[in-house]
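Inspection log for the structure reproduced underneath, given as structure tokens.
Just so it is clear, the structure is predicted and the values come from calculations on it, not from any experiment.
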Amino acid sequence: MADIDPDAAHTSSPDTITMTLNVDTAQGLSDTEAAHRRETSGANRLDEQAGESALRKIVRLLADKMTLVLIVAAAVSAGVSHEWETPVVILLVITLNTVLNYVQESRAEESLKALQTMSIARSRVRRDGREQQIDRTDLVPGDVVLLEAGDAIPADGRVVEAARLQVAEAALTGESQPVDKTTEALDDPDLPVGDRTNMLYMNTEITRGRAVMVVTATGMHTQIGKIAGLLGGAGTDKTPLQRRIDQLATLLTIVAIVVVVIVFILGLLRGESWDDLLLTAVSLAVATIPEGLTAVVAFTLALGASRLAKRGAIIKQLAAVETLGSTTQIATDKTGTLTLNEMTVRRFLAGGKSYRVTGEGYGTDGNILSDGEEPLPDFRRAYLAMSLCNDASVSEGTLVGDPTEGALVVLAEKGGIDVAGARESHPRLGEVPFDSDYKFMATFHETSTPNPQDRVRCYAKGAPGVLLTRANRLRGGDGERELTDADRDRITDAVDSLARQGLRTLMIAGRTLETLPSDAEGLFDAVQDLVVYAVVGILDPPRPEAREAIKVAHGAGIGVHMITGDHLTTASAIAHDLGIDGDSVSGSDLDQIDDDQLVSRAEGFGVLARVAPEHKIRYVESLQKAGDVVAMTGDGVNDAPALKQADIGIAMGITGTDVSKGAAKMILTDDNFATIVAAVRDGRGIYANIIKFVKFQLTTAWGFVIIFLTAGVFGIAGGAPFTALQILLVNIIMDGPPALALGVDPTEPDVMREKPRSPSEQLLNRNRLVRILFLGIVMSVGTILVLVFADDIFPDSADDALFATTLGFTTFVFYQVFNLLNVRSDRHSVFSLQTFTNQAVWFAIVGVIILQIAVLNVGFLQDLFDTTSLTAPQWAFAVAVASSVLWAEEIRKAVVRIAFPVAKASVQESRPPAG
């Protein structure tokens with residue numbers, strides 16, 4: 001292979017390019033040659049931007065407001081107490097917390113990278129004389145790449161074949177309008193990239209037509225690679241939830257400082273020493289700062305994204321995990337998402353009569369049967385058109401290509417056509433690729449007839465309404481005749497009848513030509529004066545699981561809307577079968593509704609059929625203006641604008657185009673609607689787990705605040721009942737593992753019976769705040785009473801100066817154990833099977849208890865944490881008092897279950913409050 005200058009490739013002819021790169025476009029490279037070239041060219045990927053350095057990341061974590069407060073607390077403790085234990089342990093906690101945050105951030109980044117590799121794009125190439133799907137990273141100069149509308153271009157390359165080809169190059173040149181592409185060589189070697197009309201460039205997108213490209217540059221040698229080499233690294237933005245968590249942590253830090261000041265002033269008024277007050281301030285600051293808050297949130301989000309990926313939903317942005325739980329409306333495509341995408345022809349209309357087709361899927365077993373006893377006419381011309389105006393192939397029941405085209409191949413085989421032989425004996429001379437703008441495809445073929453007026457034959461398939469306007473003759477079992485108005489009405493009625501039965505309809509037509517038009521526009525204009533051969537009715541059966549998933553979505557207060565390009569009556573029949581309620585409208589109907597009316601009526605539409613891209617985006621905007629959070633699915637180029645507009649754009653991983661995947665925030669690896677509903681369920685569960693952790697941590701912090709304020713006002717235990725080390729032990733060790741265990745809590749069984757939450761919902765709404773305050777009061781009152789009356793209740797231990805604070809400390813630790821069980825559900829009793837669904841919680845509880853036993857009984861730990869041993873009755877007393885928080889919460893839950901029984905959320909009531 002000779003070297004080729006990518007910047008001069010546009011001046012060479014296709015033959016020169018293929019000769020220079022030593023490749024036959026019909027055969028492609030061999031796998032051996034491709035492997036050899038890859039050793040020289042490297043992988044076809046852009047160099048990753050440099051991330052944040054380890055040192056910079058550590059400095060950023062140490063500069064966190066909460067960490068700075070702990071550093072100040074350690075310094076104050078060292079300066080006042082002249083003891084090493086407290087400041088050293090605080091610094092160890094700072095180090096541990098920084099390490100945990102560092103590791104968690106790194107794991108989250110690696111997790112997202114792993115998810116990205118799961119959705120790595122693939123390209124269709126010719127290698128070793130056959131078409132193959134390969135990872136785009138494996139492309140090398142000389143590879144022959146096959147492209148069609150919706151594909152993102154995987155490398156730079158020279159166009160060697162083109163059919164009505166247009167490319168959107170805005171990502172590279174900034175030009176908003178698609179650019180027409182040709183195969184013709186250009187003379188000027190210094191042409192700007194945007195004017196090189198025979199070149200295709202990485203990361204641009206094909207918007208129309210079809211092309212064959214020979215790769216001339218890969219990776220960092222591409223035009224986009226040269227630009228990427230000039231760019232520096234960029235950080236990753238935090239999700240909205242993480243920003244709200246940061247705001248909450250800042251607020252708690254401010255609260256800590258205010259409470260410290262109050263306690264300090266009260267102590268001065270009582271005449272306490274500055275040293276004692278500073279130590280108390282250290283303890284209180286440590287008590288009210290939730291050191292592990294941000295780390296656990298990042299852990300839960302990353303873990304949730306991995307869990308969704310295992311279900312078949314790849315999240316491209318962590319923010320999408322949060323938004324999923326707020327979804328109130330799902331606008332979904334039909335084919336392949338609600339249906340199996342295994343097309344089968346059920347009815348065949350030709351010569352004015354209707355025929356039944358037996359057999360299932362892509363197997364060729366089956367027959368074409370007339371409704372009467374008469375023999376089946378010769379429909380060879382129709383079967384030949386189905387075989388030739390077609391890019392799919394079916395072998396032993398396996399489809400390669402478009403499902404609809406696969407159904408036509410199967411029907412042609414049932415009609416007696418050898419499809420492979422027909423394609424070999426009638427080579428394709430030209431084509432008009434399918435486009436949603438004109439809704440048909442046409443191909444042009446050689447014929448072997450001696451008639452000079454029949455040397456080229458055009459075959460077309462497409463929407464019956466479109467091709468009928470381009471036809472003037474009709475072919476039946478007895479030959480051709482003029483197409484009359486009565487014929488048109490009869491065909492239209494038959495198409496409507498099939499559509500009402502839920503069948504998708506396609507018209508098959510053709511004509512003969514003396515010569516082949518010389519250019520793409522001529523080919524397009526030649527699709528006129530057609531002869532109608534047949535109309536087929538194709539069934540794509542609904543997915544069995546889609547019906548149940550829609551039912552679950554409705555029960556969760558989520559509206560489901562089918563948006564499809566199919567005929568209105570076809571879509572309505574399938575929607576009715578699936579349980580999708582609401583009115584059915586077409587794109588033209590939407591054009592008659594003004595924006596204000598559409599906002600008020602949007603939720604009431606169950607089916608939107610025959611819609612254009614502008615209809616889809618307008619409908620999504622209308623739902624959003626009404627206050628809804630919209631998930632939108634799509635797979636085509638024309639879906640991309642609506643996917644971007646939607647709150648959650650969901651692309652199909654199997655059938656989706658690169659353009660749609662690029663616009664989406666989530667990709668389905670199985671193209672299944674049920675996966676969307678499962679993802680919404682998991683999204684709700686992930687958010688609920690984060691809320692559980694926040695409630696768990698803040699209840700502890702609030703309990704500490706009340707205890708210290710009360711002790712400061714009344715002088716209980718010298719104004720500082722717990723040492724800074726004891727508080728750190730609770731905040732980091734006793735609360736840390738249990739909090740992480742909450743991150744893997746299973747989703748509650750009735751989460752899909754609740755209304756969607758508002759995306760603007762505060763982390764601490766009124767109900768949660770009241771519950772946190774209530775439980776914090778219960779915990780603090782119980783602990784204070786133990787501190788005050790411990791010596792009276794157990795007079796035998798009263799002589800031990802550490803007894804009362806040890807018993808109070810142990811009681812508070814067990815409060816955390818019982819509260820961990822409390823926060824796992826707002827409604828369900830702890831005394832239910834759900835309590836045993838998370839083994840991690842029980843491991844954490846056992847760990848906390850073992851550690852507390854060690855702290856109270858191991859000599860050096862007693863000295864470090866200022867504790868003493870307890871007797872069995874004293875342990876039992878601490879557990880009994882701590883259980884009060886469980887009983888108090890059980891009473892509250894029982895009242896809630898009685899007063900507010902869970903009922904299935906109404907779709908009409910699902911919309912969250914505006915703003």
Side-chain angles (χ1 to χ4, degrees), residues 240-241 244 304 308 319-332 548-561 579-582 599-606 620 622-632 646-648 650 666 673-674 676-692 694-695 745-771 823-828 834 892-893 895-915:
L241 176 62
R244 290 202 295 272
L308 287 169
V321 178
E322 307 163 29
T323 312
L324 272 171
S326 303
T327 302
T328 60
Q329 306 290 336
I330 300 175
T332 176
E548 179 61 27
I550 290 170
K551 183 179 178 181
V552 171
H554 286 161
I558 300 171
V560 180
H561 313 268
I580 296 178
D581 302 321
V599 169
S600 63
R601 296 179 58 188
E603 284 191 7
F605 295 137
V620 170
S622 297
L623 288 171
Q624 290 172 324
K625 287 177 182 177
D628 283 302
V629 178
V630 184
M632 167 82 188
D647 299 282
I648 294 283
I650 304 171
M666 186 168 89
F673 179 83
I676 302 173
V677 177
V680 170
R681 181 181 183 276
D682 277 0
R684 290 186 176 190
I686 291 162
Y687 185 84
N689 287 349
I690 292 173
I691 294 300
K692 292 173 190 177
V694 170
K695 289 188 295 188
D745 218 22
T747 302
E748 290 194 52
D750 57 0
V751 72
M752 292 301 280
R753 296 178 62 192
E754 301 170 359
K755 291 191 295 184
R757 66 175 177 85
S758 168
S760 60
E761 177 187 86
Q762 296 298 311
L763 284 171
L764 296 182
N765 59 25
R766 185 180 63 181
N767 290 338
R768 289 175 194 146
L769 188 58
V770 168
R771 186 179 173 199
V823 299
R824 291 187 60 203
S825 176
D826 287 339
R827 300 180 58 89
H828 295 295
Q834 187 180 345
R892 186 200 65 82
K893 289 179 181 178
V895 171
V896 169
R897 288 195 298 271
I898 294 171
F900 305 100
V902 174
K904 285 193 176 182
S906 166
V907 173
Q908 287 72 28
E909 297 176 353
S910 67
R911 183 187 300 155

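- Closest approach of A602 to L623, counting heavy atoms only: CB-CD2, 3.6 Å.
- Across all non-hydrogen atoms, the minimal contact from S825 to E748 is OG-OE1, 3.0 Å.
- Expressed to the nearest 0.5 Å, how far OG1 of T323 lies from OH of Y687 amounts to 11.0 Å.
- In terms of heavy-atom proximity, M666 sits nearest to A679 at CE-CB, 4.1 Å.
- A distance of 14.5 Å separates CD1 in I898 from NZ in K893, rounded to the nearest 0.5 Å.
- The CD atom of Q624 sits 4.5 Å away from the CG atom of D647 when rounded to the nearest 0.5 Å.
- How far CD1 of I650 is from CE of M632: 10.0 Å, rounded to the nearest 0.5 Å.
- Contacts of R771 classified as salt bridge (charged side-chain N to carboxylate O under 4.0 Å, His left out), with partners at least two apart in sequence or in another chain: D826, E889.
- The closest donor-acceptor contact from the side chain of T327 to the backbone of V629 lies at 3.5 Å or more, if one exists at all.
- Listed for the R827 side chain is a donor-acceptor partner under 3.5 Å among the backbone atoms of F900.
- Two residues are said to be in side-chain contact when any heavy atoms from C-beta on lie closer than 4.5 Å; V560 and V677 fail this criterion.
- Proximity of V895 to R892: side-chain heavy atoms (C-beta onward) are nowhere separated by under 4.5 Å.
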Check: Between I648 and V680, is a side-chain contact (heavy atoms from CB on, under 4.5 Å) present by the stated rule, with each step listed?
Finding: CA-CA 11 Å; I648 294 283; V680 170; over 6 Å; no

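- Side-chain atoms of D682 and L324, non-hydrogen and from C-beta on, never get closer than 4.5 Å to each other.
- Without hydrogens or angle criteria, N689 side chain to D745 main chain gives a donor-acceptor distance under 3.5 Å.
- The closest donor-acceptor contact from the side chain of R681 to the backbone of V751 lies at 3.5 Å or more, if one exists at all.
- With a 4.5 Å cut-off on side-chain heavy atoms, P756 and Q329 do not count as touching.
- In this structure, the separation between CG on D628 and CD1 on I558 is 11.0 Å, given to the nearest 0.5 Å.
- Listed for the K692 side chain is no donor-acceptor partner under 3.5 Å among the backbone atoms of V823.
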